[in-house]
Amino acid sequence: MHGPPPLKRPLLPRWLRPVLAWLGLSMVVAVSMVVAYAWSERKGFEQLDDVAHRQLDLYASTLESELGKHAYLPSLIEMDPDIEALFKSPDSQMARASAGRKLANFKVRASAITTFALDPAGTLLASSEGYRSLAGEAGPVALPSLLSRKLQAQRSQVFVANADSGASEYYFAQPVRRDALVVGIVGVKLSLDPLEATWMDLGIRSESEKLLVIDEEGVIIMSSVRQWKYKSVGIDGEEPVALLRYAEQYPRQAIRPLNMVVEKPGVRGARQVRIWEPDGQFSVHMAQERDIPLLGWRVMILSDPHSVWRNARYAAWGGGAFAAFLGVLALYLWQRRRALRQISGARNALQEANAQLEGRVAQRTGELRQANAELVNEMQERQLAQDELVQAGKLAALGQMSAGISHEINQPLTALRALAKNTAMLLAAGRMSDVDENLKAISEVAERMGSITAQLKSFARKSHGVHQPVSLVAAVQYMQRLLEHRFRAEQVRVDVNIAGQPLVCCDLNRLEQVLVNLATNALDAMQDQPVKVLTISTLPADGQRMRVRVEDTGAGLPDDMLARLFEPFFTTKASGEGLGLGLVISSHIVREFGGTLRAHKGLQGLAFEFDLELAQGEKHV
Ligand code: ADP
């Protein structure tokens, strides 16, 4: 035996599934967005870094080459005979003048700003611009002292901001020695402004990129952002160096820290920095830098990361949208598969149910057909049995009747015999008139016998089942005639209370049979009664019907027997006298007429009632 398959309990309640699906989808979308953002940001920064590094290299080499090509000038100047002559006799006005001319020559050839020669104390001996220029440009004392300090520190190059214009100027200087004695200083001054102007130009053109050149003191000496110039940079949290030491190098009022804070490290050594402006505004940059070892400087590029972040945001949205699309597609396919599976499951179940139903219908139809056949069979058998019963009842009635008939006919026969004998004697005696009387009597008796047999014939007629309007009164009269001998012999009074001459729809013979049956029973019941009255009356009934009541003054029946009255073969009569079929047959006949035969206690004896349909046009009276 296979039991039903164990019910699979769903792991999750139904309502939770879509919630989880959407939650999962949202998570996938969120994760995709984060991943896409991170990936795109990293790629963007790498790209930015590549570009920045290339730029750094370019700027550094430009700067190096720009400065480097003038580095040799002091050596050249030193070796010039006019300059040598100047240092030999520094007070000679002629030597100064010719040295000045030579220096102007150098200046033109090297496209420097100024070339100059100083005595060891830093006093200007000659310059390409005459006496005033150099002093005017760098301050009368400051520049030479700075230069000599630098030279003492073995540094032959120095950056100096022009005190007046703030322009970036660069000095190459060299001590001139004679027999290990410093006799003077020669140098050249260059302007970094053209280079810076190009960078500024570039910076303006490419808004996103800012260039800073920071010297060894941590001061921005060149910048594509004008307001940052000469600010000190303390990157990595290190404080800007004590600038006042070299304050004469830079415009005094400009030196303030550039408020640059490192926020976090970026890719490949880059750093994300935030620069606060004095007005509280800030800007965020990616900072990359590169040293220029030759000059001791750093070049720093600040690139704008916003485009990277914007692209990362786009990538995040794109990634999210793509993931959402894939997720929704997956959800759709999953739902669709589920729906298809459900549909096919439902279809299978339906087909199965259909097949089962068809099977059951076929089985039930078969059963019904069989039951029907059995029923038809049974009905036929019943009909047969009923017909047989009717016939048996008829036979019983016939038997009873034949007893009555023989009783009825015996009398006239005896009379006939006596009359015949008497007539023969009268004939012999020649008493023709008496003979004639006798013959008349014989003929009367014979006629009476004929009427009895005629009644018998009509009783034996079989019903045709066609209900025609028949006279109730005629049927009652027939019954009276048939049983007249008994009424008379047993001194029974017959009261007929039928209003008018009603016509009823039934078969006359069968109605007569019912009435004869009921009357016979009444006669039997009244046999030992002092008062013998048989009452036949009519009563109105529902609709187009009337009731016929046959009541006697007989002994009646106890209740238990009354209930069994219509059972076949129920009889209280001695064997041979009653069969117990009369009432059964009568009730059957009444039912054929569309009515019902009932018995109940009458005033004295029993009363039987049955209803009949009135013929068309008949009315209750
Ligand atoms: P049967 O007359 O052959 O016995 P019936 O079917 O005609 O068969 O009657 C059945 C029984 O019903 C009778 O034996 C009798 O006891 C009872 N019966 C019928 N009619 C009456 C009546 N009018 N009064 C008392 N008893 C009756």
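Computed from a predicted model, the values in this text were never measured in an experiment. Both ligands and their constituent atoms are indexed starting at 1 by order of listing.
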Just wondering, more than 12 heavy atoms not from Arg42 lying within 6.0 Å of its CZ?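 Counting other residues, nucleotides and ligands, CZ of Arg42 stays at 12 neighbours or fewer.
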Would you please name every residue forming a side chain to side chain contact (heavy atoms under 4.5 Å, CB included) with Asn377, sequence neighbours left out?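 So Asn377 forms a side chain to side chain contact (heavy atoms under 4.5 Å, CB included) with Gln380, Glu381.
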Ring-plane angle category for Phe282 and Trp276, please: parallel below 30°, perpendicular beyond 60°, tilted otherwise.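 Phe282 and Trp276: tilted rings.
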[X]-ligand 1 polar pair, N/O distance under 3.5 Å:
X: Phe570; value: no
X: Gly582; value: yes
X: Lys573; value: yes

Side chain, backbone, both or neither: which part of [X] has a heavy atom under 4.0 Å from ligand 1?
X: Leu557; value: side chain
X: Asp524; value: neither
X: Leu606; value: side chain

Among Leu331, Leu20, Leu326, which residue satisfies the side chain to side chain contact (heavy atoms under 4.5 Å, CB included) criterion with Leu25?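 Of the listed residues Leu331, Leu20, Leu326, the side chain to side chain contact (heavy atoms under 4.5 Å, CB included) partner of Leu25 is Leu331.
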Can you measure from CG (Asn372) to CD (Glu378) and round to the nearest 0.5 angstrom?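 Here the interatomic distance stands at 12.0 Å.
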Under 4.0 angstrom from ligand 1, any heavy atom of Asp552?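 Contact present.
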Atoms of ligand 1 close to Leu565 [distance to a heavy atom under 4.0 angstrom, numbered from 1]: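 What qualifies from ligand 1 is 12 (O), 17 (C).
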Counting from 1, what ligand 1 atoms have a heavy atom of Ala525 closer than 4.0 Å?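 Numbered from 1, ligand 1 contributes 22 (C), 24 (N), 25 (C).
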Would you list the atom pairs, donor with acceptor, under 3.5 Å between side chains in residues 336-345 and any protein atom, with sequence neighbours excluded?
from, atom 1, to, atom 2, distance (Å)
Ser344, OG, Arg341, O, 3.2

Sole candidate of Arg549, Arg598, Lys601 that passes salt bridge (charged side-chain N to carboxylate O under 4.0 Å, His left out) when paired with Glu609: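 Answer to the salt bridge (charged side-chain N to carboxylate O under 4.0 Å, His left out) test with Glu609 among Arg549, Arg598, Lys601: Arg549.
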